Amino acid sequence: VGDLSQWQTDPLQPVFQDGMLYGLGSTDMKGAVAAMVYATAALQQCATSLTGDVLLVVNADEERSMKFGSEFLVTEYGIQADVALLGEPSGIDGPEFEFLHLLSRGISCFKIRVFGTQMHSSLTDRLSAVNANVKLAEVLTRMARELQLTFAPHPLCSAPTINLAVKIDGGVGYGVCPGVAEFQADIRTLPGMTRHQLQADVERVLDSIRQDNPTLRVELEFEQPPLDWIPPTEVLADHPLVPALLTASQQVLGFRPKLSAFPGGSDAAKFQALGGIPTIPSFGPGWLKLAHGPNECVGVEAIVQAAKIYALAARSYLS
């Protein structure tokens, strides 16, 4: 929920207001789950026979490791499919169905740790001391200026995203010179990037910092799997489900969403990269920019439209 005072409604209760449904997870992605439930029900009641099966998959644990959700389904459970569609919100700055995302960027998470001299703060003017927090600030600003990643631009997404210092920890409190400080970072990766090359890019900057300050102790530590490297995935535009979704969108919305890349990671990392199921990572009601923030909401009509699009596209694909 975060800062409850920033919410205009109870985040744990669905509230309908001005054509919107407010509540935690409404856009990311309970609205799409509701649409998929109604879409599969409509397909089951439809008189037209389908030349295949439709699986409604509602799994948990997508936001962190995916171990107990999509990873479990493709490994221990053994789920199989010809294609998968995720209902992540596909609007960013425009309408709710602004994009049909075919690429899901990966993510790599790591920590940068700086060591200082933990001692009584009253003696730092008399004895040699290194303030780990101050040195961490210097390392952070250097990395923000100098970190250059090795990648090839993708037609749907021009560059990875560098997020340094998504969390900072350091020091003990008053009276203590900080002995250790660290910040966490996440990199949103593109197809073709590798963990090995990313590590080399980060270490190159750290080596430059060490050369300028030989006494500085700074180290890189990647998170434990899978957060150290969740790979990017992609479905090509000529996959049969893509035109089926675009045609259904034209019927329901009156326009065809633009093909693009989903900025974040998704369960496609497990369904496709691990399970071999081509997975469209994001096409659903809502706006990604509202996810993980106060006053999250989704358009009520967009949920209905999503249900129609899902059902029409599945029927077309399985015709």
Side-chain angles (χ1 to χ4, degrees), residues 1-43 54-66 68-70 73 84-101 104-105 107 166 188 245 248-249 252-255 257-258 260-271 279-314:
V1 171
D3 185 357
L4 188 60
S5 68
Q6 297 296 312
W7 285 81
Q8 298 174 7
T9 63
D10 184 342
L12 302 183
Q13 294 292 329
V15 176
F16 294 92
Q17 184 175 304
D18 299 325
M20 308 299 292
L21 170 60
Y22 287 85
L24 183 66
S26 55
T27 202
D28 182 28
M29 46 173 272
K30 292 178 173 64
V33 170
M36 289 181 173
V37 168
Y38 276 84
T40 50
L43 287 168
V54 176
L55 305 179
L56 174 62
V57 181
V58 184
N59 61 277
D61 196 31
E62 185 267 348
E63 292 289 356
R64 285 297 182 263
S65 71
M66 308 181 195
F68 302 105
S70 52
L73 290 174
L85 170 66
L86 305 183
E88 298 283 359
S90 53
I92 297 181
D93 289 319
E96 288 189 77
F97 297 97
E98 183 178 7
F99 299 108
L100 172 57
H101 293 120
S104 179
R105 290 200 293 188
I107 183 172
V166 292
R188 305 292 174 153
L245 286 166
S249 298
V252 176
L253 305 172
F255 68 90
K258 294 174 287 186
S260 185
F262 188 58
S266 72
D267 277 319
K270 302 301 180 181
F271 287 128
T279 303
I280 294 176
S282 163
F283 191 58
W287 296 271
L288 182 62
K289 66 180 181 180
L290 299 184
H292 303 181
N295 304 308
E296 182 179 352
C297 63
V298 62
V300 176
E301 180 60 25
I303 300 175
V304 178
Q305 292 170 332
K308 295 178 181 179
I309 294 171
Y310 295 153
L312 289 171

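None of the values given here were measured: they were computed from a predicted structure.
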Peer 1: Can you give me the closest heavy-atom contact between Pro257 and Ser249, atom names plus distance?
Peer 2: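 So the minimum-distance heavy-atom pair works out to CD-CB, 3.5 Å.
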Peer 1: Taking side chain as C-beta onward, heavy atoms only, is Glu98 less than 4.5 Å from Leu288?
Peer 2: no
Peer 1: Check whether any side-chain heavy atom of Leu245 sits under 4.5 Å from a side-chain heavy atom of Leu85, and report yes or no.
Peer 2: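 Contact flag for Leu245/Leu85 side chains = yes.
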Peer 1: Which heavy atom in Leu86 sits nearest to a heavy atom in Pro281, and how many Å separate them?
Peer 2: CB-O, 3.3 Å
Peer 1: Do Pro11 and Leu4 have side-chain heavy atoms sitting under 4.5 Å apart?
Peer 2: yes
Peer 1: So Tyr22 and Gln8, side-chain contact (heavy atoms from CB on, under 4.5 Å) or not? Walk me through it.
Peer 2: CA-CA 9 Å; Tyr22 287 85; Gln8 298 174 7; 5.6 Å; no
Peer 1: Please check this pair: side chain of Ser282 against backbone of Pro89, looking for a donor-acceptor N/O pair closer than 3.5 Å.
Peer 2: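 Yes, Ser282 side chain to Pro89 backbone: donor-acceptor pair under 3.5 Å.
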Peer 1: So, taking the atom named OG in Ser90 and the one named NZ in Lys258, what distance separates them when rounded to the nearest 0.5 Å?
Peer 2: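 If we round to the nearest 0.5 Å, Ser90:OG and Lys258:NZ are 11.5 Å apart.
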Peer 1: Heavy-atom count around Asp3 CG within 6.0 Å, excluding the residue itself: above 12?
Peer 2: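 Enclosed: over 12 neighbouring heavy atoms sit under 6.0 Å from CG of Asp3.
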Peer 1: Kindly determine whether Asp10 and Val15 satisfy side-chain contact (heavy atoms from CB on, under 4.5 Å), including the steps that lead there.
Peer 2: CA-CA 8 Å; Asp10 184 342; Val15 176; 5.6 Å; no
Peer 1: Measuring from Lys270:NZ to Asp61:CG, what's the distance to the nearest 0.5 Å?
Peer 2: 9.5 Å
Peer 1: Taking all non-hydrogen atoms of both residues into account, name the closest pair between Ala307 and Tyr38 and its distance.
Peer 2: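 Ala307 and Tyr38 have their closest heavy atoms at CB-CB, 4.2 Å.
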Peer 1: Heavy atoms, side chains only, cut-off 4.5 Å: are Glu62 and Glu88 in contact?
Peer 2: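 Yes, side chains in contact.
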Peer 1: Minimum heavy-atom separation for Ala291 to Thr27, with atom names?
Peer 2: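 Shortest heavy-atom separation between Ala291 and Thr27 comes out as N-CG2, 4.0 Å.
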Peer 1: Could you tell me if the side chain of Leu43 sits less than 4.5 Å from the side chain of Tyr310, heavy atoms only?
Peer 2: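 With C-beta onward as the side chain, the pair stays apart.
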Peer 1: Looking at CD of Glu296 and OG1 of Thr9, how far apart are the two atoms once the value is rounded to the nearest 0.5 Å?
Peer 2: 10.5 Å
Peer 1: Side-chain contact test, heavy atoms from C-beta onward, threshold under 4.5 Å: evaluate it for Glu301 versus Glu96 and give yes or no.
Peer 2: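 No, every pair of side-chain atoms sits at 4.5 Å or beyond.
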Peer 1: Any chance you could measure Gln305, atom CD, to Leu253, atom CG, to the nearest 0.5 Å?
Peer 2: 5.0 Å
Peer 1: Looking only at heavy atoms, which two atoms of Met36 and Gly87 are closest? And how far apart?
Peer 2: CE-N, 3.6 Å
Peer 1: Got a donor-acceptor contact below 3.5 angstrom from the Ser70 side chain to the Phe271 backbone?
Peer 2: no
Peer 1: Within the 4.5 Å heavy-atom criterion, are Phe97 and Val252 side-chain neighbours or not?
Peer 2: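 In short, these two side chains do not touch, never coming nearer than 4.5 Å.
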Peer 1: Do Ile92 and Trp287 have side chains that get closer than 4.5 Å, going by heavy atoms?
Peer 2: no
Peer 1: If I take atom OG from residue Ser26 and atom CE from residue Met20, how far apart are they, to the nearest 0.5 angstrom?
Peer 2: 8.0 Å
Peer 1: Closest heavy-atom contact between Leu24 and Leu12?
Peer 2: CD2-CD2, 4.1 Å
Peer 1: Would you say the side-chain atoms of Arg188 pair up with the backbone N or O of Gly264, donor to acceptor, closer than 3.5 Å?
Peer 2: no
Peer 1: Between CG of Asn59 and CG of Asp267, what distance do you get to the nearest 0.5 Å?
Peer 2: 4.5 Å
Peer 1: Is it the case that the side chain of Asn295 and the backbone of Gln6 share a donor-acceptor pair, with hydrogens and angles ignored and the cut-off at 3.5 Å?
Peer 2: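 Here the side-chain-to-backbone pair exists.
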